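Notes to accompany the following structure.
Values reported hereafter were calculated over all heavy atoms of this structure, with side chains retained and with hydrogens, waters and symmetry mates removed. Quick caveat: nothing in here was measured; it's all calculated off a predicted structure.
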Amino acid sequence: SAKKTSNPLIEKRAKNFSIGGDIQPKRDLRRFVRWPKYVRLQRQRKTLYQRLKVPPSVNQFTQTLDKQTATNLFKLLKKYKPETAAEKKDRLKSMADSGKTEAGKKPTVVKYG
């Protein structure tokens with residue numbers, strides 16, 4: 001390895017950063033910037049999620065469906081919608097008229113809650 005030769009006429013001096021002295025080196029001040037609200041919010045959310053243990057029942061709502069899949073799902077769920085009071089009344093009435101319990105069976109519905 002080649003050794004650097006220093007000039008004996010130039011002496012090395014420590015920098016003086018006090019008032020009236022040398023200019024201070026540029027520092028990374030990004031931490032102290034007033035960031036836009038949306039940036040602050042997404043950073044806060046990220047740290048919160050890192051610090052908190054989110055229960056699975058709540059976490060399932062972080063992965064949402066895209067529009068097309070959601071539309072298909074809602075179409076499917078519409079077929080299994082609970083019957084209204086009027087529909088139930090008609091069903092029970094027809095069941096009573098026919099005298100058969102099998103004819104007016106309770107429809108299959110998707111339950112929630």
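Residue K106 holds its NZ atom at 6.0 Å from NZ of K88, rounded to the nearest 0.5 Å.
More than 12 heavy atoms of other residues, nucleotides or ligands lie within 6.0 Å of CZ in F17, so this atom counts as buried by the packing criterion.
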List the atom pairs, with distances to 0.1 Å, where a side-chain N or O of residues 52-76 and a protein N or O form a donor-acceptor pair under 3.5 Å, not counting sequence neighbours.
| unit_1 | atom_1 | unit_2 | atom_2 | d |
| --- | --- | --- | --- | --- |
| N59 | OD1 | T62 | OG1 | 3.4 |
| Q60 | NE2 | S57 | O | 3.1 |
| T62 | OG1 | N59 | O | 2.6 |
| D66 | OD1 | T69 | OG1 | 2.7 |
| D66 | OD2 | T69 | OG1 | 3.2 |
| T71 | OG1 | K67 | O | 2.6 |

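For the pair L48/Q44, no side-chain contact is recorded, criterion being any heavy-atom separation below 4.5 Å from C-beta on. For the pair D90 and K93, the minimum side-chain heavy-atom distance is 4.5 Å or more.
Legend: side chain to side chain donor-acceptor pair (under 3.5 Å) pairs involving residues 10-37, not counting sequence neighbours, sorted by first then second residue: N16-S18, Q24-R27, D28-R30.
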